Participant: 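Before we start, here is the structure in question, set down as structure tokens.
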Amino acid sequence: MCGRYTLFTPPEELETRFDATPTRPLSARYNCAPGQELPVVTNDAPEEFRFLKWGLVPSWADSESVGNDRINARAETVREKRSFADAYEARRCLVPSDGFYEWVDRGGDKQPYRVAFEDDRPFAMAGLWERWTPPTKQTGLGDFGSGGPSREQEPLETFTVVTTEPNDLVSELHHRMAVVLDPDEEETWLHGDPDEAAALLDTYPDDELTAYPVSARVNSPANDGPELIERVEA
DNA sequence: CCAGACGTTGTT
DNA sequence: GTCTGG
DNA sequence: CCAGACGTTGTT
DNA sequence: GTCTGG
């Protein structure tokens, strides 16, 4: 984990909580999924919620698909891994959330659970972001003869969520969980030096957190509505 | 030296 | 089984 | 994370 | 781009 989360806190509350303004409208989300463009607060523009695609694509990747299997980065090794080292040093971000989902394998089927604060207040997950420019395609003589410039390839900005060992509550469900930051740690995660940031990658205590079963409707990323966070019988 | 990988989760 | 899409 | 696709030739 | 493996 974490591979799915919620972000339905009203925009005004999020703007106050993170002291940032959105670059496009924030909508209530009950099923944020990898591959989607989601609001994050990056270190280089902390006054904004910027929409980045979930699934970090390293700058050197030759294909965008490299991001498919980089939706999470292990806290224990994030500084060593080539895919994340640069981003860790220079491009950390906050991933606003108000709960994340975990699936418990029950031999055959899987029961999703939602983990959140008891009062559903928003929090930040530790994230890294990256900017990737698609390789320029060789168009032969086209650029010279045709007069017009070749089509500009827009850089793609992506992010990943850092994971660590779970607390006792979440360990009942899963053996990994997202790094949840204390509000007073957020500034350091964004702007501290790498060693200071590393000290924040620990397991969030389970005080004030709760976990409860939810409908398997959350399984499909196409579903996204308040019914997804309703408690069901496990 | 060059070639090939570069990741996590979960499962066996 | 594995990759892509969301 | 899970769901859904996974392909070509040829025709409209 | 940079590291690991051979």
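A, B, ... follow the sequence lines: proteins, then strands. Residue 1 opens every chain. None of these values were measured; they are calculated from a predicted model.
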Participant: Provide, to the nearest angstrom, the distance between the CZ atom belonging to A:F159 and the P atom belonging to B:dT8.
Facilitator: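 Atom CZ in A:F159 sits about 16 Å away from atom P in B:dT8.
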Participant: Select one nucleotide: of B:dT9, E:dG1, B:dG7, the one nearest the side-chain heavy atoms of A:R70.
Facilitator: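 Nearest to the side chain of A:R70 among the choices is B:dG7.
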Participant: Give the rounded distance in Å between these two atoms: CG of A:D109 and C1' of D:dA3.
Facilitator: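 Taking CG of A:D109 and C1' of D:dA3, I get 16 Å after rounding.
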Participant: Which nucleotide in the set C:dG6, D:dC2, E:dG1 lies at the smallest distance from any side-chain heavy atom of A:A33?
Facilitator: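 The listed nucleotide nearest to A:A33's side chain is C:dG6.
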Participant: When we call it a touch if two heavy atoms are under 4.0 Å apart, what does A:L56 touch: a base, just sugar-phosphate, or nothing?
Facilitator: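 Since no nucleic acid heavy atom lies under 4.0 Å of A:L56, the category is nothing.
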Participant: Scan A:N219 against the nucleic acid and name what it touches under 4.0 Å (heavy atoms): base, sugar-phosphate only, or nothing.
Facilitator: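 Answer is sugar-phosphate: A:N219 comes under 4.0 Å of backbone atoms only.
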Participant: Would you check if A:R114 and A:D98 make a side-chain contact, meaning some heavy-atom pair closer than 4.5 Å?
Facilitator: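 In short, these two side chains touch, coming nearer than 4.5 Å.
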Participant: Select base, sugar-phosphate, or nothing to describe what A:A85 touches, counting heavy atoms under 4.0 Å on all strands.
Facilitator: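 Nothing, no nucleic acid heavy atom in range.
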Participant: In whole Å, measure the gap between the C1' atoms of B:dC2 and D:dT11 for me.
Facilitator: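 Those two atoms are separated by 50 Å.
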Participant: B:dT8 C1' sits how many Å from A:E76 CD, rounded?
Facilitator: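 Atom CD in A:E76 sits about 11 Å away from atom C1' in B:dT8.
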Participant: In whole angstroms, how far is the C1' atom of D:dC2 from the CG atom of A:D69?
Facilitator: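 Atom CG in A:D69 sits about 16 Å away from atom C1' in D:dC2.
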Participant: Among residues at least two apart in sequence or on other chains, which ones pass side-chain contact (heavy atoms from CB on, under 4.5 Å) with A:E230?
Facilitator: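 side-chain contact (heavy atoms from CB on, under 4.5 Å) list for A:E230, sorted by chain: A:E227.
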Participant: For DNA chain D, write out the stems as range with range, using runs of 3 or more consecutive Watson-Crick or G-U pairs with both distances under 3.5 Å.
Facilitator: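 When the pairs of DNA chain D are grouped into runs of at least three, the stems are C:1-6 with D:1-6.
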Participant: Connecting only ILVMFWY residues whose side-chain heavy atoms lie within less than 4.5 Å of each other, what is the rest of A:V66's hydrophobic cluster?
Facilitator: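 Other cluster members: none.
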Participant: Might you work through the side-chain contact (heavy atoms from CB on, under 4.5 Å) test for A:F8 and A:L26, ending with a clear yes or no?
Facilitator: CA-CA 9 Å; A:F8 55 78; A:L26 293 169; over 6 Å; no
Participant: Excluding sequence neighbours, so at least two apart, what forms ring-ring contact (aromatic ring centres under 6.0 Å, His included) with A:F84?
Facilitator: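 ring-ring contact (aromatic ring centres under 6.0 Å, His included) check on A:F84 returns nothing, list empty.
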Participant: From CD1 of A:I71 over to P of B:dT9, roughly how many Å is that when rounded to an integer?
Facilitator: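 To the nearest whole Å, that distance equals 9 Å.
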Participant: Quote, to the nearest angstrom, the P distance that separates D:dC1 from B:dT12.
Facilitator: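 Going atom to atom, P in each nucleotide, I get 14 Å.
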Participant: Have a look at A:N31 and say if it touches a base, only the backbone sugar-phosphate, or nothing, with a 4.0 Å heavy-atom cut-off.
Facilitator: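 Touches nothing.
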Participant: Kindly state each residue pair satisfying salt bridge (charged side-chain N to carboxylate O under 4.0 Å, His left out) with at least one member in residues 41-58 of chain A, sequence neighbours excluded.
Facilitator: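 Qualifying pairs, neighbours excluded: A:D44-A:R50, A:R50-A:E157, A:K53-A:E64.
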Participant: Are the charged groups of A:E165 and A:R176 less than 4.0 angstrom apart, N to O?
Facilitator: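 Here A:E165 does not pair with A:R176 in a salt bridge, since their nearest N and O are not under 4.0 Å apart.
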Participant: Got a sec, which residues hit side-chain contact (heavy atoms from CB on, under 4.5 Å) with A:P34, two or more places apart in sequence or on another chain?
Facilitator: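 Listed in chain order: A:R4, A:W54, A:I71.
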Participant: According to ring pair (Phe, Tyr, Trp, His ring centres under 6.0 Å), does anything in residues 195-228 of chain A pair up with another residue at least two apart or in another chain? List the pairs.
Facilitator: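 Residue pairs passing ring pair (Phe, Tyr, Trp, His ring centres under 6.0 Å), neighbours aside: A:F117-A:Y204.
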Participant: Just the rounded figure in Å: distance from C1' of D:dC2 to CG of A:N72.
Facilitator: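 For the pair A:N72 CG and D:dC2 C1', the rounded distance is 14 Å.
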Participant: Determine the contact category for A:P34: base if any of its heavy atoms lies under 4.0 Å from a base atom, sugar-phosphate if only primed atoms, P, OP1 or OP2 are that close, otherwise nothing.
Facilitator: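 A:P34: base contact, heavy atoms under 4.0 Å.
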Participant: Taking only residues two or more places apart in sequence, or in another chain, which ones meet A:T77 in a side-chain contact (heavy atoms from CB on, under 4.5 Å)?
Facilitator: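 A:R74, A:E80, A:K81.
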Participant: Quick one, which residues of residues 77-84 of chain A touch DNA chain B with a heavy atom under 4.0 Å?
Facilitator: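 Heavy-atom cutoff 4.0 Å gives A:T77, A:K81, A:R82, A:S83, A:F84.
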Participant: Just how far, in rounded Å, is P of B:dT8 from CH2 of A:W54?
Facilitator: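 Going from A:W54 (CH2) to B:dT8 (P), I get 15 Å.
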Participant: Could you give the distance separating B:dA3 and C:dG6 at their C1' atoms, to the nearest angstrom?
Facilitator: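 After rounding to an integer number of Å, I get 35 Å for this pair.
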Participant: What is the minimum heavy-atom distance between A:V40 and A:P96, and which atoms define it?
Facilitator: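 Between these two residues, the closest heavy atoms are CA-CD, 3.9 Å.
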Participant: Under 4.0 Å between a side-chain N or O of A:S220 and OP1 or OP2 of C:dG6?
Facilitator: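 Checking A:S220 against C:dG6: no side-chain N or O falls below 4.0 Å of OP1 or OP2.
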Participant: Using nucleotides 2-4 of chain C, report all nitrogen or oxygen pairs with the protein that are shorter than 3.5 Å.
Facilitator:
none

Participant: Any stacking of A:W103 on D:dC2, going by centres under 5.5 angstrom and planes within less than 30 degrees?
Facilitator: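 No, the aromatic ring of A:W103 does not stack with the base.
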Participant: What pairs of residues pass the side-chain hydrogen bond (donor to acceptor under 3.5 Å, both in side chains) test when at least one of them lies in residues 180-190 of chain A, not counting sequence neighbours?
Facilitator: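 Found A:R17-A:E186.
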Participant: Would one find a side-chain N or O of A:R74 under 4.0 angstrom from OP1 or OP2 of B:dT9?
Facilitator: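 Answer yes for this pair, as a side-chain N or O of A:R74 is under 4.0 Å from OP1 or OP2.
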Participant: Taking only the C1' atom of each, what is the distance from D:dT8 to C:dG5 in whole angstrom?
Facilitator: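 Approximately 22 Å lies between the C1' atom of D:dT8 and that of C:dG5.
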Participant: Distance check needed: B:dT11 C1' versus A:R176 CZ, whole Å only.
Facilitator: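 Taking atom C1' of B:dT11 as the reference, CZ of A:R176 is at 16 Å.
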Participant: Considering only atom P, compute the distance from C:dT2 to D:dG10 and round it to an integer number of Å.
Facilitator: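 Nearest-Å result for C:dT2 against D:dG10 at atom P: 32 Å.
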Participant: Distance check, P atoms only: B:dT9 and E:dG1, in whole angstrom units.
Facilitator: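 Straight-line distance between the two P atoms is 29 Å.
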Participant: Linking Ile, Leu, Val, Met, Phe, Trp and Tyr by side-chain heavy atoms under 4.5 Å, what else ends up with A:L156?
Facilitator: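 Via sub-4.5 Å side-chain contacts, A:L156 links to A:V57, A:W132.
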